[in-house]
Amino acid sequence: VKVYLERIEGRNGNVVLSREKAIREEHWVKLSELAAKNIEVDGIIFASTKCGYTVDIMGKVVAFLPASHVDIKQIKDITPLLGKSLKFKILKMDRDQGNIVVSRKSVLEASHLGAKTEFLKQLNEGDVIEGRVKSITNYGVFIGIHESDEVGVVDGLLHITDISWSRVSHPSAIFSCGQSVKVKIIKIDRESGRISLGVKQLEQSPWDDVANKYPVGSVHKGTITSIEDYGVFVELDFGVEGLVHISEISWTKNSLPINQLFS
């Protein structure tokens with residue numbers, strides 16, 4: 001049998017060996033080879049931990065499955081998956097710590113890749129579609145476009161700059177999770193599967209006729225929308241803002257802070 005040499009000389013002067021550690025080392029080497037080749041491994045989810053679950057890999061090694069990698073869509077109850085033999089991909093192996101991180105989501109995404117590619121071929125830039133708000137971040141909104149067992153989940157990103165022609169402080173001021181929204185596809189990256197969406201593109205740009213409506217030298221009234229250290233932003237019309245630089249506010253030098261000059 002193969003054994004692991006722990007110490008040359010133990011307390012009684014004997015060589016200390018371990019069959020258990022030899023088996024563990026053998027399994028680790030095998031899993032490392034599978035991970036390097038991106039080969040899926042069999043495992044069983046058997047318990048929950050903080051932020052994830054523990055998985056018995058091939059009945060030999062215990063690995064960590066992050067909650068975000070259980071499925072391609074959010075699952076509130078994983079009870080139906082417990083005790084079943086499932087396929088996983090190894091994401092990370094830390095030999096020093098003895099930690100292994102696996103993903104079931106990656107396996108499902110790979111199986112849906114062909115069907116997702118075919119689905120994306122049906123979409124074109126400029127198409128107007130309806131989706132549902134899935135999550136909201138500081139930089140934009142993720143919109144669910146399609147979800148099925150065959151294709152998987154197809155999402156698109158509505159960037160904060162493509163929400164409205166006017167200034168948007170935060171996407172949550174306009175959208176809420178679960179809300180149905182009509183969007184326009186402005187870009188499709190078929191290689192990466194990323195879709196960029198827009199809402200303001202459903203309306204005519206207020207800048208199309210801005211040169212004729214607000215010629216250089218003309219005087220207009222506007223509404224202050226933001227006060228900064230370097231000047232103030234003034235909205236002339238919906239979606240049309242201009243900057244009054246601090247040097248253009250007055251001919252005389254004013255010692256008062258800019259936020260005390262305007263409100």
Side-chain angles (χ1 to χ4, degrees), residues 119-147 153-263:
F119 176 80
L120 291 177
K121 288 181 180 179
Q122 303 173 21
L123 302 178
N124 298 291
E125 295 179 3
D127 287 352
V128 177
I129 57 176
E130 193 161 331
R132 192 170 298 277
V133 176
K134 295 186 66 176
S135 62
I136 301 173
T137 67
N138 293 330
Y139 55 86
V141 181
F142 285 96
I143 307 292
I145 298 174
H146 179 85
E147 184 174 326
V153 177
V154 181
D155 294 337
L157 173 62
L158 171 60
H159 196 270
I160 188 171
T161 57
D162 292 310
I163 293 177
S164 174
W165 290 108
S166 61
R167 187 188 298 267
V168 177
S169 58
H170 195 278
S172 60
I174 299 177
F175 299 103
S176 59
C177 288
Q179 177 182 345
S180 180
V181 57
K182 187 177 290 186
V183 292
K184 187 174 186 178
I185 299 176
I186 55 179
K187 186 178 180 181
I188 302 177
D189 188 335
R190 302 189 187 279
E191 292 185 5
S192 64
R194 294 177 180 175
I195 302 174
S196 299
L197 307 171
V199 170
K200 73 179 187 181
Q201 286 79 3
L202 296 172
E203 304 172 351
Q204 184 178 357
S205 171
W207 288 86
D208 288 346
D209 195 41
V210 73
N212 295 325
K213 196 171 182 180
Y214 304 103
V216 176
S218 59
V219 179
H220 304 272
K221 284 187 177 182
T223 303
I224 294 176
T225 57
S226 178
I227 301 175
E228 308 294 341
D229 294 336
Y230 51 85
V232 294
F233 285 93
V234 178
E235 186 179 58
L236 298 177
D237 203 346
F238 176 77
V240 179
E241 277 188 346
L243 170 65
V244 181
H245 193 268
I246 190 170
S247 62
E248 304 294 338
I249 292 176
S250 175
W251 291 106
T252 60
K253 187 175 181 181
N254 200 312
S255 58
L256 290 175
I258 192 169
N259 59 354
Q260 293 185 22
L261 294 174
F262 297 95
S263 60

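Count residues from 1 along the sequence.
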Checklist outcome for this item: Quick note, salt bridge (charged side-chain N to carboxylate O under 4.0 Å, His left out) partners involving residues 161-190, not counting sequence neighbours, are R167-E241

Checklist entry - Looking only at heavy atoms, what is the nearest atom pair of E203 and W165, with distance? => result O-NE1, 3.8 Å

Checklist outcome for this item: d(T225 OG1, L236 CG) to nearest 0.5 Å is 10.0 Å

Checklist entry - What are the two closest heavy atoms between P171 and I160, and how far apart are they? => result CD-CD1, 3.8 Å

Checklist entry - Within the side chain of K134, is there an N or O that forms a donor-acceptor pair under 3.5 Å with the backbone of I145? => result no

Next on the checklist: Is any side-chain heavy atom of F175 closer than 4.5 Å to one of V199?
Outcome noted: yes

Checklist outcome for this item: Of all heavy-atom pairs linking D229 and I246, the shortest is O-CD1, 3.7 Å

Item to check | Gap between atom CG of L123 and atom NZ of K121 - 0.5 Å precision | outcome: 12.5 Å

Checklist entry - After noting the C-alpha distance and the side-chain angles of V141 and L197, does the key distance pass the side-chain contact (heavy atoms from CB on, under 4.5 Å) rule? => result CA-CA 9 Å; V141 181; L197 307 171; over 6 Å; no

Checklist entry - Heavy-atom distance under 4.5 Å between the side chains of S196 and H159, does that happen here? => result no

Item to check | Separation of S135 OG from F142 CZ (nearest 0.5 Å) | outcome: 5.5 Å

Item to check | Interatomic spacing from OG in S218 to NZ in K213 - rounded to 0.5 Å | outcome: 11.5 Å

Checklist entry - Below 4.5 Å, heavy atoms only, C-beta onward: do D155 and I195 meet side chain to side chain? => result no

Checklist entry - Do other residues, nucleotides or ligands put more than 12 heavy atoms under 6.0 Å from Q204 CD? => result no

Checklist entry - Within a strict 4.5 Å, meaning less than it, do heavy atoms of the I185 and N124 side chains meet? => result no

Checklist entry - Considering only heavy atoms from C-beta outward, does the side chain of H170 approach that of I136 to under 4.5 Å? => result yes

Item to check | Atom of V240, atom of W207 and distance for their closest heavy-atom approach | outcome: CA-CZ2, 4.0 Å

Item to check | OG1-CZ distance between T223 and F233, expressed to the nearest 0.5 angstrom | outcome: 15.0 Å

Checklist entry - Is it true that a side-chain atom of E248 and a backbone atom of H245 form a donor plus acceptor pair closer than 3.5 Å? => result no

